[in-house]
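The block underneath contains the structure these notes are about, expressed in structure tokens.
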Amino acid sequence: MRSACLFLLLVTACWALPFRQSGFLDFMMEDDPGSGVTEVPEGRGLPDVDLGPDCPFMCQCHLRVIQCSDLGLKKVPEKIPKDTSLLDLQNNKITEIKENDFKDLQGLQTLILVNNKITTIHPKAFSSLGKLQRLYLSKNLLKDVPVNMPKSLQELRIHENEIVKIKKASFQGMSNVIVMELGSNPLKSAGVEAAAFADLKKVSYIRIADTNITEIPKGLPSSLSELHLDGNKITKVTSDRLKGLKNLAKLGLSYNEISSVENGSLANVPHLRELHLDNNALTSVPPGLPDHKYIQVVYLHSNKIAAVGTEDFCPPNFNTKKAMYSGISLFSNPVPYWEVQPITFRCVFDRTAIQLGNYRKKSRRSS
Ligand SMILES: *[C@@H]1O[C@H](CO)[C@@H](O)[C@H](O)[C@H]1NC(C)=O
Ligand SMILES: *[C@@H]1O[C@H](CO)[C@@H](O)[C@H](O)[C@H]1NC(C)=O
């Protein structure tokens, strides 16, 4: 998968695909070459399965990878080998994580608990997992983010649970987290306490989609390069919420209720390349695009934009240095597209990058 992506990178730009995060199984195998897990084919059966005495009943064990998925397990199996680096318990019926379930697994790097029925996790359940990098808890019944997660954690996936609030204390000291997936939880209104993410000094990807939060969270870390907040109930973009996000390259705000983008918002994210604001309630093109150096993709389709001005996208001078737009969508807006003057897009060199009329776009951006 990774190499497929690298290969694609040569042909087209892999990063440019719409906000699709690779599956967690792609992430799993990317480091730790010594473990030999790279030979494991995606998700399915393992080659040369060793059902040795150290392998829990019914599980499949290969080197330090323990596969116990899809077994109808109601609890975490006993006698998991101490040197396990990856433990896959997805698609079972585990309801609870007890204090000692992972007690001896000091070398565990990846723990997959996706799609169980977990409602409670003992506060000390993760306390011996000093090397844990990836914790996948999606599709469970958790009402809170677990406490005392290992500080070594780089990736937390906990979407599709029952979490109603992200508390400030939830991620305290978690300075190694890079990827955070919190989508499809019943977070309401503010949903995320101010500065809840403040300690995530290395975080690069945060996704809080389909949760019904009404605001962009306060105090996001400056390391952030992708922020996906699609499918919520956010009503406006204010510049203070984007302040200091100097590394932000992708901002996803599709399918919200945004009616305004405050002047200065885009100036606060000087390295933004992709802005998705489609399916909102905007009545005009967001301000600041002509001055923006790196913006390439701006989705504005399915809004309430009734007029597009000649200065909305491009700088006044033709010779101003400006990164090329590779995708602008404006279809499904009340503006009659024949009224948009061609000069509006004078800085767009690839005309196929512009989706104006009320037709569906045929292909994604191509560069
Ligand atoms: C968001 O709100 C809608 C109703 O407005 C509701 O149907 C949906 O379940 C909510 N989503 C979540 C994740 O709570
Ligand atoms: C937006 O801000 C810029 C620079 O701060 C300023 O020149 C411009 O007049 C402002 N526009 C509006 C509509 O307030």
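Order of listing sets the numbers, starting from 1, for every ligand and every atom in it. All figures in this text were calculated on a predicted structure; none of them were measured in a lab.
- Checking atom 7 (O) of ligand 1 against the protein gives no heavy-atom contact under 4.0 Å.
- Between the side chains of Asn91 and Ser69, no donor N or O sits under 3.5 Å from an acceptor N or O.
- Between the side chains of Ser138 and His159, at least one donor N or O lies within less than 3.5 Å of an accepting N or O.
- Under a 4.0 Å N-O distance rule, the pair Lys167/Asp144 qualifies as a salt bridge.
- In this model, no donor atom of one side chain and acceptor atom of the other lie less than 3.5 Å apart for Lys151 and Asn176.
- Residue-level proximity to ligand 1 for Lys233 is carried by the side chain, the only part with a heavy atom below 4.0 angstrom.
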- [ ] Take Thr211 and Asn232 through the side-chain hydrogen bond (donor to acceptor under 3.5 Å, both in side chains) test and state the conclusion after the steps.
- [x] CA-CA 6 Å; Thr211 69; Asn232 286 302; 2.6 Å; yes
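- Distances from atom 13 (C) of ligand 1 to the heavy atoms of Asn212, Asp210, Asn232 put Asp210 nearest.
- Given atom 14 (O) of ligand 1, the protein heavy atom at minimum distance is Pro186 CA, 3.4 Å.
- Under a 4.0 Å criterion applied to the non-hydrogen atoms of Asn185, ligand 1 contributes the atoms 13 (C).
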